[in-house]
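Only one structure is covered here, and it is reproduced in the block below.
Proteins get letters first, then strands, A, B, ... in listed order; numbering begins at 1 in each.
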Amino acid sequence: MAGRYLLQILPDRGCNMPVTALSFPMGAAAAGTSPHPGVQVLLDGEPSALELEFLAENATLRGGLGTTGDGALSNERRRLWLHAIGTGSVTRAADGRGEVVTGNLMGYLALGDPDDDEGALGTCNSRDHAFTLRAR
Amino acid sequence: MTTSPSTARRLWSPLGVALLLAILGSGTKAGADRGALHLRASEAFAPCLRPALDAFTRESGWTVVLDVGEPDPPREADVVVGDDSEMTRLLEAGVADLQTSVDLGSLPWVWVVVPPGSPPGSLSALAPDRVVVLGGRAGRGARESLQGLAADRLRVSRDGGELRRARYALLPRSLAGTGEHRRSDVRPLIATAALVAGAPHAAAARRLLAFLQGDRGRSLLSTCLDAIETGASKGGSAQASYARSVVDWWLPDCSLTHDGYNDPGQVLGAPDAVFLGVKDSYRGIMSLGQGGYVTVDLVDTAVDGPGPDIRVYQVTGTEPVTLYAASSPQGPFVLVGLRMDCGTRTPGLENYEHHCDFDLRGTGISEARYVKVEDGEIYPCLAGGTITEGADIDAIEILNKKP
């Protein structure tokens, strides 16, 4: 997986969050081969604000999705705080690159408006969040 | 790290500015000549510290300025006091001196219900009022406990006045206003104090830390802070059984590049982590970076027995850990615990040696020989300022061993 992607984070419906999905423009690149091959996926323009570090093997991505204490601002103008493990099968996009169209996300997420404190719009720890990482 | 508008607002919140308190004792000696000692403490602990700081001022002659707000960053403070969740990065980065860190006590969370006698228990009993809960890192666990509550029923605040006036609130006991207080099962906050590296008044700051640890200080703090519960002494017995070999591991390439403790073999055997007294200098740990993992063969088999079955030893702070277990090295690995705070103090070991316990009960498996320990902090590698990013694993122990 390499190039430009759109990350979508979908909170578990049981969390009763005020949004169904948050999206972020990302860039992906291969990252290391030992002890397992990896892929690093970073937020456009503010790479350390939202960082995905995946182990990429057997057509599967698995790894950590994390933000700093400042969270990351989504395309929908909501701020997301995230500390979660994502797992998803890699399928081939129309342009031949790999992408994840159905991924599971386990862990912590919190939402707020752009200037809010962490979790002002809710906090949820779940095994059943979801994510997608689609080529763009 | 850049400062977002929300962070800037938090740093200069009315509470933070209004509560920049100078605690002046009647017996101050030449305080103006040598300046004042600055202590920065998070909102929850500030009320607990005031009587002890006042007494220190009277007895030592040192003026202590109490600056209220998240201890990270410490700004001009000589001493910082915060919860594990606020102190971990400070201590690991060497901004605060781990060797001087001391636990002062724990602070439970309470439900505040006004008027007293309102129906107890569920959140529905609290309708239609909004539930007020503490903001910031220290409030994260409390906010997690409220998950599922609609956003319009929730109010996150760090304004001490607003918190004390709340009709329904989930707060550290020290911030609770009038009304009925009901004990919550949210993990209590742990007050940890430490000297800031390069503190301008280091000698006086050490004296203050000694005072807070001494009989007089502890007595004054005990009116607000409880004794810290340490883990059961179940672990570490003569018959203890620890992980014996590494089956698999992975760290992101970024973590491999930036972290200094990448050897998975360090998680094997009994707890043996040593802080070498210099910033970021340890022996005997593996840092898991951003979402990294290590899978080990216990050789012995852990079984679902009384209480927890597996213990993970983790160094400094309360960085969360996720644990999976299997009977075969190829798996399938079953989730045993997701992002469990790994900050329980371990009796008999150094104060930076912490642990978290896991129970096989309810996981669908009754025994396990292989366990996978995964970082649960999941902090962006590129933003990390230490060489110990992620959970720092020292050892993995079977608590209930198959005979």
Chain B contact residues among residues 16-35 of chain A, heavy-atom distance under 4.5 Å: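 N16(A), P18(A), A31(A), G32(A), S34(A), P35(A) fall under the 4.5 Å cut-off.
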Determine which residues belonging to residues 5-15 of chain A lie within contact range of chain B, meaning some heavy atom pair is under 4.5 Å apart, and list them by number or answer 'none'.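 Result: G14(A), C15(A).
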Chain A heavy atoms under 4.5 Å from [X]: which part of the residue, side chain, backbone, both or neither?
| X | value |
| --- | --- |
| R339(B) | side chain |
| E377(B) | backbone |
| D248(B) | side chain |

Donor-acceptor contact below 3.5 Å, side chain [X] vs main chain [Y]:
| X | Y | value |
| --- | --- | --- |
| Q290(B) | E51(A) | yes |
| R158(B) | D117(A) | no |
| Q147(B) | N125(A) | yes |

Which one, G38(A), G122(A), A120(A), leads in non-hydrogen pairs under 4.5 Å with chain B?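 Most pairs with chain B among the choices: A120(A).
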Using heavy-atom distances under 4.5 Å, tell me whether [X] contacts chain B through its side chain, its backbone, both, or neither.
| X | value |
| --- | --- |
| Y108(A) | both |
| L111(A) | neither |
| A84(A) | backbone |

Non-hydrogen side-chain atoms of T67(A) and Y379(B) separated by less than 4.5 Å: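 No. Closest side-chain heavy atoms not under 4.5 Å.
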